[in-house]
Amino acid sequence: IDFSRVIAGAMAARLLAELGAEVLSVTSPTLLDWALSFHLLFNAGKRSVTLDFTTPEGKQTLWALLEKFQPDALVLNYRSLEVAQAAGLDPTTVRGRFPGLVYSYLNGYGITGEWQIRPAFEQVVQAVTGIQTTYGQGGRPRLLPIPILDIGSGLLGAYAALLGLYK
C-alpha cells in the first residue's frame, strides 16, 4: 500500500507494481498537489483511491481498507514520522495491527537532526548536496533536467522493501 506524495515514494511503489505486486495508492482528496503528468507517470500499474483520513470517519475507513487489503508492505514518504503518527500511519501503530508488515519510510534528510522536517523536493536536495553547482560546471548552479535523486531514492526504497519481504 502506497501512502506516498510526489516522486520518491511513489517511484518505489511503482517499481514494486512493475515487479508484480498489487499496489494500492491512497491519496488525500484535498491535497492532490501532483501535476497530472506526475500522477500518470509514477502511479502507473497501481490501483488508487482518495481518502481523507484526517477525520475520525476517514481513519475508520482507512483501517477497514487496510484490513480488507491486508498489505505485505507499506511505502510512505511524509516529511516526518510525526506527520505519519498524526495520521495513524507511524510504524508502531501500523505494526501493532499488521506485525509482519514491511514498513518502508523514505525521507530526504533522515529521521533525526535539525533537517529531518525540511522539505526535500528534488530541486532543494540538488542544491543542498552541491549537484547543481557541479552540473553548472563552475558557472551558475543548474538543476539537472531529471529528478535523479527522487528516482534513485525510489529505486532504493523499492529494493529495501523487497529485502524486507524476502526476510
Side-chain angles (χ1 to χ4, degrees), residues 1-54 58-81 83-111 116 119-123 125-126 131 144-167:
I1 192 153
D2 176 18
F3 289 100
S4 301
R5 297 182 65 216
V6 193
I7 298 175
M11 179 67 200
R14 178 191 169 160
L15 183 56
L16 295 172
E18 288 178 8
L19 293 172
E22 182 181 349
V23 178
L24 177 63
S25 173
V26 181
T27 58
S28 168
T30 58
L31 297 175
L32 296 176
D33 54 358
W34 288 50
L36 180 59
S37 59
F38 277 166
H39 178 76
L40 295 174
L41 180 63
F42 295 106
N43 282 335
K46 303 177 195 176
R47 293 187 303 162
S48 63
V49 63
T50 59
L51 176 63
D52 180 0
F53 48 88
T54 62
K59 286 182 182 181
Q60 187 176 8
T61 302
L62 171 67
W63 286 106
L65 178 69
L66 288 169
E67 289 294 334
K68 180 171 176 53
F69 195 66
Q70 289 291 312
D72 296 308
L74 180 146
V75 177
L76 182 94
N77 67 340
Y78 292 172
R79 185 178 296 181
S80 76
L81 283 174
V83 174
Q85 187 173 26
L89 294 172
D90 59 286
T92 303
T93 302
V94 172
R95 285 203 182 113
R97 295 188 69 172
F98 300 96
L101 181 110
V102 172
Y103 191 100
S104 297
Y105 174 65
L106 290 79
N107 176 293
Y109 305 111
I111 59 171
Q116 70 174 314
F121 295 105
E122 179 75 26
Q123 301 88 331
V125 181
Q126 279 191 30
I131 289 173
L144 282 172
I146 60 169
I148 192 152
L149 296 170
D150 275 330
I151 291 174
S153 296
L155 293 173
L156 291 172
Y159 182 64
L162 288 170
L163 288 174
L165 291 168
Y166 179 75
K167 182 181 178 200

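Reckoned from all heavy atoms, side chains included, excluding hydrogens, waters and symmetry mates.
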| Is the shortest heavy-atom distance from the side chain of L81 to the side chain of P91 under 4.5 Å? | yes

| request: Give a yes or no on whether the backbone of S80 and the side-chain of Q116 come within a donor-acceptor separation of less than 3.5 Å. | output: no

| query | Which atoms form the tightest heavy-atom contact between P71 and F98, and what is the distance? | reply | CD-CE2, 4.3 Å

| Flag if over 12 foreign heavy atoms under 6.0 Å of CD1, I148 | no

| Which value, rounded to the nearest 0.5 Å, describes the distance between I131 atom CD1 and E122 atom CD? | 7.0 Å

| task | Give a yes or no on whether the backbone of Y78 and the side-chain of Y105 come within a donor-acceptor separation of less than 3.5 Å. | result | yes

| E18 atom CD, neighbour heavy-atom count above 12 within 6.0 Å | yes

| query | Shortest non-hydrogen contact from P29 to D52? | reply | CD-N, 3.5 Å

| task | Please examine the side chains of Q126 and L144, heavy atoms only from C-beta on, and report whether any two atoms are closer than 4.5 Å. | result | yes

| note | What one should report as the nearest heavy-atom pair of S4 and A10 is CB-N, 3.3 Å

| query | Would you say the side chain of K46 lies within less than 4.5 Å of the side chain of D2, judging by non-hydrogen atoms? | reply | yes

| request: Starting at NZ of K59, measure out to CG of L51 and round the result to the nearest 0.5 Å. | output: 11.5 Å

| field | Validation row: S48, N43 side chains within 4.5 angstrom (heavy atoms) | value | no

| message | For L19, is the CG atom crowded, meaning more than 12 foreign heavy atoms sit under 6.0 Å from it? | response | yes

| field | R95 side, atom CZ; L74 side, atom CG - distance, nearest 0.5 Å | value | 9.5 Å

| remark: Value for CD (Q70) from CG (L101), rounded to nearest 0.5 Å, stands at 10.0 Å

| Any side-chain heavy-atom pair from L162 and L16 closer than 4.5 angstrom? | yes

| Side chain R5, main chain S28, donor-acceptor under 3.5 Å | no

| message | Could you check whether any side-chain heavy atom of F53 comes within less than 4.5 Å of a side-chain heavy atom of L89, counting everything from C-beta outward? | response | yes

| message | How long is the straight-line distance from CZ of F3 back to OG1 of T27, given to the nearest 0.5 Å? | response | 10.5 Å

| message | Any heavy-atom pair between the side chains of Q85 and T93 that's under 4.5 Å? | response | no

| remark: Interatomic distance, CG@L66 vs CD1@I1, rounded to 0.5 Å, equals 4.5 Å

| task | Taking all heavy atoms of F69 and all of E22, pick out the closest pair and write down the distance. | result | CZ-O, 3.5 Å

| query | Do you know which two heavy atoms are closest between A158 and L15, and how far apart they sit? | reply | CB-CD2, 3.6 Å

| Closest contact, heavy atoms only, S104 versus G157 | OG-O, 4.2 Å

| message | Filter on side-chain hydrogen bond (donor to acceptor under 3.5 Å, both in side chains), then keep only pairs touching residues 146-167, sequence neighbours left out; what's left? | response | none

| I151 side chain near I146 side chain, heavy-atom distance below 4.5 Å | no

| In terms of heavy-atom contacts, does CZ of F121 have more than 12 from other residues, nucleotides or ligands at under 6.0 Å? | no

